[in-house]
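Here is the structure we will look at.
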Amino acid sequence: MKTILLTGGAGYIGSHTALALIAAGFEPVVLDNFANSHPVVLDRLARIAGRPLVLEQGDVLDTDWLQDVLRRHRPAGVVHFAGDKAVGESVAQPLKYFHNNISGAVSLLRAMEAAHAEDPTTAPTLVFSSSATVYGDPASVPITEDFPRSHTNPYGHTKLVIEDMLYALNAARPAWRMGVLRYFNPVGAHPSGLIGEDPAGIPNNLMPFVAQVAVGQREHLNVFGDDYPTPDGTGVRDYIHVQDLAAGHVAAIRALLDRGESFTVNLGTGRGHSVLEVVRAFEKASGRPVPYRIAPRRPGDVAQCWADPGLAQRLLGWQAKHTLEEMCTDAWRWQSGNPAGYRS
Ligand code: NAD
Ligand code: UFG
């Protein structure tokens with residue numbers, strides 16, 4: 001069984017990917033420092049998988065320890081989820097983001113390079129969690145991978161810098177296999193309702209906020225702007241079920257291991273939904289009202305953003321399957337069963 005190391009594997013996307021890898025016959029090793037996750041995730045994963053998962057608790061900034069982890073597990077591939085992801089916090093604390101995200105990636109790459117020097121028989125294989133944020137304010141939609149990249153905040157800047165680091169390293173080391181995955185808007189939860197997104201404090205993102213309104217933890221949703229040039233005036237995004245995203249990682253790992261060629265692909269559905277469409281779909285899925293108020297636009301938001309997912313389909317044979325209704329149904333199952341997230 002091939003081992004896959006998941007940095008940030010206890011987080012929202014990493015935990016779902018760990019289960020998808022098990023279902024596909026891989027052995028995930030979850031590496032996390034629990035800076036933005038809870039150790040109880042491992043108990044939930046064990047309940048779903050029917051057996052405990054391997055955990056390495058520690059920090060990706062610790063290169064020597066990472067090297068030791070790589071030496072002990074000899075993973076066939078690494079998925080690098082670990083990092084900080086809150087856009088607003090990155091504006092207030094840019095150094096935190098440059099350090100944890102960029103230095104974290106350098107630390108991992110150096111550890112992988114050292115492990116490869118010790119055992120040159122296998123090619124270093126890495127999947128990186130990038131984001132549609134690298135497209136900045138796109139000139140048009142749908143977005144293809146060759147669109148120009150830019151950044152509007154330090155978080156987005158770190159994703160751009162890390163992508164460029166990977167491209168430079170790959171140019172110098174063509175034997176390395178790298179899959180850069182640009183996620184659009186991951187939402188939803190595992191159908192068991194046992195794992196899901198557990199944001200600390202007030203959620204920044206739409207779906208967890210809507211879920212907390214539906215469960216009665218917050219009075220109303222602020223809809224950030226209804227005067228965008230979109231069909232109903234509210235922002236349009238490409239929401240993708242986290243289960244589809246997890247499947248995308250399995251497809252990416254398989255493609256890298258089987259074909260050995262690096263790639264950069266969008267992971268999205270190719271469909272956009274407005275804020276008000278999400279509100280209505282969530283009301284339907286939960287049977288609860290989601291009161292909202294129109295508020296001013298949020299600085300830095302773009303009107304619309306959705307993917308052309310054609311390249312991922314062609315290269316990885318992967319396509320998103322789940323509808324917005326399913327995303328809301330699964331998010332609601334998680335939220336209503338765990339009103340305070342993993343602390344419930
Ligand atoms: P998350 O915060 O739930 O997961 C990240 C995990 O990394 C957490 O468990 C955290 O404890 C861990 N971590 C952070 N710094 C670490 C360090 N130095 N050492 C070890 N572990 C560390 O986030 P997520 O939503 O699962 O996102 C995973 C990745 O996908 C991130 O890189 C994020 O930027 C990227 N991404 C997320 C979204 C999204 O909307 N969720 C969109 C695009 C890209
Ligand atoms: N929105 C509201 N009210 C809220 C939260 C969001 O109206 O309380 C609106 C936003 O204005 C936007 C839409 O809902 O129109 C989606 O907002 P999110 O914050 O959920 O998602 P974004 O597309 O703004 O940002 C997400 C991630 C970023 C990432 C970006 C592109 O949070 O990290 O996708 O991948 F960079």
Side-chain angles (χ1 to χ4, degrees), residues 6-17 30-39 41 56-62 65-66 79-88 90 96-97 99-101 103-105 107-108 128-136 143 151-153 155-156 158-159 162 181-187 196-200 202-210 212-213 218 220-226 228 230 234-240 242 245 249 266-268 272-276 278-279 292-307:
L6 308 181
T7 74
Y12 172 46
I13 303 168
S15 56
H16 290 79
T17 301
V30 171
L31 182 155
D32 212 295
N33 66 356
F34 299 114
N36 194 40
S37 51
H38 204 282
V41 173
E56 289 286 353
Q57 185 172 348
D59 201 309
V60 295
L61 290 163
D62 185 344
W65 173 71
L66 273 185
V79 187
H80 185 43
F81 296 106
D84 292 320
K85 63 166 182 176
V87 171
S90 81
K96 179 180 179 198
Y97 279 70
H99 185 53
N100 200 35
N101 292 8
S103 305
S107 173
L108 173 65
F128 171 61
S129 298
S130 191
S131 164
T133 192
V134 300
Y135 297 117
I143 300 168
H151 57 84
T152 52
N153 56 69
Y155 165 71
T158 67
K159 292 293 177 192
I162 296 167
L181 305 182
R182 294 180 180 154
Y183 312 156
F184 279 67
N185 290 59
V187 296
E197 188 171 10
D198 183 17
I202 302 170
N204 297 304
N205 296 117
L206 178 65
M207 185 76 84
F209 202 106
V210 166
Q212 291 191 5
V213 173
R218 298 186 190 277
H220 69 272
L221 167 75
N222 286 312
V223 174
F224 297 141
D226 68 347
Y228 283 107
T230 60
T234 66
V236 170
R237 296 290 184 275
D238 187 337
Y239 298 96
I240 175 168
V242 67
L245 204 59
H249 290 75
N266 290 335
L267 292 186
H273 291 287
S274 74
V275 175
L276 295 182
V278 171
V279 167
Y292 66 85
R293 291 182 196 161
I294 304 300
R297 289 183 179 192
R298 184 171 64 177
D301 269 357
V302 303
Q304 45 189 8
C305 173
W306 69 85

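Both ligands and their constituent atoms are indexed starting at 1 by order of listing. Note that this is a predicted model, so its numbers are computed, not measured.
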Note to self: Can a side-chain donor-acceptor contact be found between N153 and H151 if the only test is distance below 3.5 angstrom?
What the structure shows: no
Check: With D32, which residues qualify under salt bridge (Lys or Arg N to Asp or Glu O under 4.0 Å), at least two apart?
Finding: none
When you measure from [atom] to every protein heavy atom, which one gives the shortest distance, and what is it?
atom	value
atom 24 (P) of ligand 1	K85 NZ, 3.7 Å
atom 37 (C) of ligand 1	I13 CD1, 3.8 Å
atom 4 (O) of ligand 1	G11 CA, 3.4 Å

Next item on the list: Check H80 against ligand 1 and report side chain, backbone, both or neither, counting heavy atoms closer than 4.0 Å.
Entry: neither
Notebook entry, point to check: Does ligand 1 have a heavy atom under 4.0 Å from the side chain of S130, from its backbone, from both, or from neither?
Noted result: backbone
Any nitrogen or oxygen of [X] lying under 3.5 Å from a nitrogen or oxygen in ligand 1? Just yes or no.
X	result
N205	no
V60	yes
A10	no

Of the choices [options], which has the non-hydrogen atom that lies closest to [atom]?
atom	options	answer
atom 7 (O) of ligand 2	F224, Y155, F209, Y135	F224
atom 5 (C) of ligand 2	T133, N204, V187	N204
atom 20 (O) of ligand 2	V275, D238, L206	L206

Margin query: Below the 3.5 angstrom mark, is there an N/O of M207, backbone or side chain, next to an N/O of ligand 2?
Written below: no
Next item on the list: State if S15 counts as touching ligand 1 under the rule of any non-hydrogen atom under 4.0 Å.
Entry: no
Item checked: Set of side-chain contact (heavy atoms from CB on, under 4.5 Å) partners for T17, sequence neighbours left out -> I13, L21, F81, A246, H249
